[in-house]
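Counting starts at 1 for both ligands and their atoms, following the listed order. None of the values given here were measured: they were computed from a predicted structure.
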Amino acid sequence: MTEKLSTDLLEKFEEVKANYNVITENIARAAERAGRKAEDITFLAAVKTVEPAVINYAVSLGVRHIGENRVQELLSKYEEYNLNDCDLHLIGHLQTNKVRQVVGMVSMIQSVDSVKLAKEISKQSEKNNVTTDILLEINIGREENKFGILTENLDEILENVSKLNNVRIKGLMAVPPVCDTKTDVYKFFDNMYKLFIDISDKKLDNVFMDYLSMGMSGDYQEAIISGANMVRVGSALFGARIYR
Ligand SMILES: *Cc1c(COP(=O)(O)O)cnc(C)c1O
């Protein structure tokens with residue numbers, strides 16, 4: 001880059017660096033409290049609305065996973081991400097008719113909430129000669145306005161999705177309801193962890209419970225204490241989002 005980096009961008013880099021150090025320490029402390037190692041917690045930077053220069057700066061600090069919410073935004077920024085050093089995830093809702101636009105570009109789709117969607121991911125993955133890692137998104141708070149699988153449907157969905165040739169179930173993801181108290185947050189996280197362990201214990205064919213992805217800027221430490229091993233942090237790293 002020949003042009004001089006703007007002062008704004010340099011200030012943003014400083015902010016991100018300071019935030020990253022704080023988050024890294026908080027993760028280590030929460031992991032320790034949970035009797036786990038900091039290295040066992042996968043940190044994902046949620047990058048919606050964040051410009052590629054800032055994302056790549058975060059990657060230069062050591063971020064190894066980034067997650068976009070929207071297919072359109074992912075595609076528009078795709079050429080600019082430094083993906084040599086990091087994996088790209090889709091963490092937002094995916095419509096079946098957009099699956100072919102992202103398969104092969106992302107290393108994980110975290111927001112799979114139906115057999116229909118999983119089938120389409122498998123079909124498009126087969127066409128691209130890849131296997132796509134997915135997480136099943138659970139609507140743990142049973143919120144009507146949210147996507148995600150209701151727990152009573154999970155067994156059947158697991159059975160059907162695990163039969164698909166070109167997707168690999170790697171764990172569970174959730175975005176719990178906004179809670180007024182930490183006690184309430186823990187309740188949802190603890191329920192997710194129970195579900196995660198129950199499925200692990202069943203040792204289903206083709207079902208790998210490697211990742212429990214939960215916890216965002218406001219509650220990633222609580223999530224880790226409850227058993228999350230992947231947290232998705234946006235605003236605590238990049239500052240408040242500016243929607244254009
Ligand atoms: C935006 C987003 C995050 C990060 O949210 P913050 O509160 O900014 O940390 C995590 N997961 C998903 C699915 C998101 O959409």
Judging by distance only, is a nitrogen or oxygen of Val175 under 3.5 angstrom from one on ligand 1?
no

Just to confirm my output: which protein heavy-atom neighbour is closest to [atom], and how far is it?
{"atom": "atom 13 (C) of ligand 1", "value": "Ile91 O, 3.5 Å"}
{"atom": "atom 2 (C) of ligand 1", "value": "Lys48 NZ, 2.4 Å"}
{"atom": "atom 10 (C) of ligand 1", "value": "Met216 SD, 3.1 Å"}
{"atom": "atom 9 (O) of ligand 1", "value": "Ser217 OG, 2.5 Å"}
{"atom": "atom 11 (N) of ligand 1", "value": "Arg232 NE, 2.9 Å"}

Report yes or no: does Gln110 have a heavy atom closer than 4.0 Å to ligand 1?
no

With a 4.0 Å cut-off on N to O distance, would you call Glu159 and Lys163 a salt bridge?
yes

Should the pair Lys202-Asp155 be classified as a salt bridge under the 4.0 Å nitrogen-to-oxygen rule?
yes

What part of Ala46, side chain, backbone, both or neither, has a heavy atom within less than 4.0 angstrom of ligand 1?
side chain

With a 6.0 Å cut-off (strictly less than), is the heavy-atom count around CD of Glu156, excluding the residue itself, greater than 12?
no

Do Thr96 and Glu120 have side-chain atoms, one donor and one acceptor, less than 3.5 Å apart?
no

Flag for Arg168-Thr132: side-chain donor and acceptor within less than 3.5 Å:
no

If you count the atoms of ligand 1 from 1 in the order shown, which ones are under 4.0 Å from a heavy atom of [X]?
{"X": "Val233", "result": "9 (O)"}
{"X": "Ser235", "result": "6 (P), 7 (O), 8 (O), 9 (O)"}
{"X": "Asn69", "result": "14 (C), 15 (O)"}

Mutual orientation of the aromatic rings belonging to His65 and His89 [parallel < 30°, tilted 30-60°, perpendicular > 60°]
perpendicular

Within the structure provided, determine whether Lys170 and Met209 are in side-chain contact (heavy-atom separation under 4.5 Å).
no

same_hphob_cluster(Phe208, Phe196) at 4.5 Å side-chain heavy-atom cutoff
no

